[in-house]
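The next block holds one structure in the form of structure tokens; read it before the comments.
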Amino acid sequence: MKGMQIGSALRKMRKSHGWTVNDVVVRLHDEYKMDVAAKTVYGWESDQCYPRTETLLVLCEMYQMENISEDLLNSSGGSFPITADERHLIELYRKHPELQSAVKRVLDVPPEEQI
């Protein structure tokens, strides 16, 4: 996984599951209550943009990549590093969906960035 771009890794994992981009969109919506456009998934897979950290962790879970999440997060050549403390906070964030909107308000996350 070293040196692999995030997009290439996401595309490879999607294809290894035999899923289309639309399958990913539907799964994100149905299983994780995340509304993501197919265009966004294409953007992630082509390294035109990166998913937010919590979205990337959901993708890792969906693709059954929990054991290599950190390698994937750090595979973008240092432009997407994550510390152990940040990972812990993200895990806590994901365990408490009832608090996520409050966290976004505290962090002043604009609605257009809330994927």
Quiz item: Could you state the interatomic distance from CD1 (Ile90) to NZ (Lys95), rounded to the nearest 0.5 Å?
Solution: 13.0 Å
Practice problem: Examine Leu107 and Leu89 and state if one hydrophobic cluster contains both, with Ile, Leu, Val, Met, Phe, Trp and Tyr joined whenever side-chain heavy atoms are less than 4.5 Å apart. | Solution: no
Quiz prompt | Residue pair Lys104 / Ser101, side-chain heavy-atom distance below 4.5 Å | solution = no
Exercise. Could you tell me whether a side-chain N or O of Thr40 sits under 3.5 Å from a main-chain N or O of Val36, the two making a donor and an acceptor?
Key: no
Quiz prompt | Min side-chain heavy-atom separation Leu10-Val41 under 4.5 Å | solution = no
Practice problem: First locate atom SG of Cys49, then atom NZ of Lys39, and finally report the distance between them rounded to the nearest 0.5 Å. | Solution: 10.0 Å
Quiz prompt | Spacing of Asp23 atom CG and His17 atom NE2 [to the nearest 0.5 Å] | solution = 11.5 Å
Exercise. Hey, could you give me the CE/CG distance between Met62 and Leu57, rounded to the nearest 0.5 Å?
Key: 12.5 Å
Quiz prompt | Gap between atom CG of Leu59 and atom CE of Met13 - 0.5 Å precision | solution = 11.0 Å
Quiz item: When rounded to the nearest 0.5 angstrom, what is the spacing between CD in Gln48 and OH in Tyr42?
Solution: 12.0 Å
Quiz item: In this structure, which one of Val21, Val24, Ile6, Thr55 forms a side chain to side chain contact (heavy atoms under 4.5 Å, CB included) with Trp44?
Solution: Thr55
Quiz prompt | Lys/Arg N to Asp/Glu carboxylate O, Arg94 vs Glu54, below 4.0 Å | solution = no
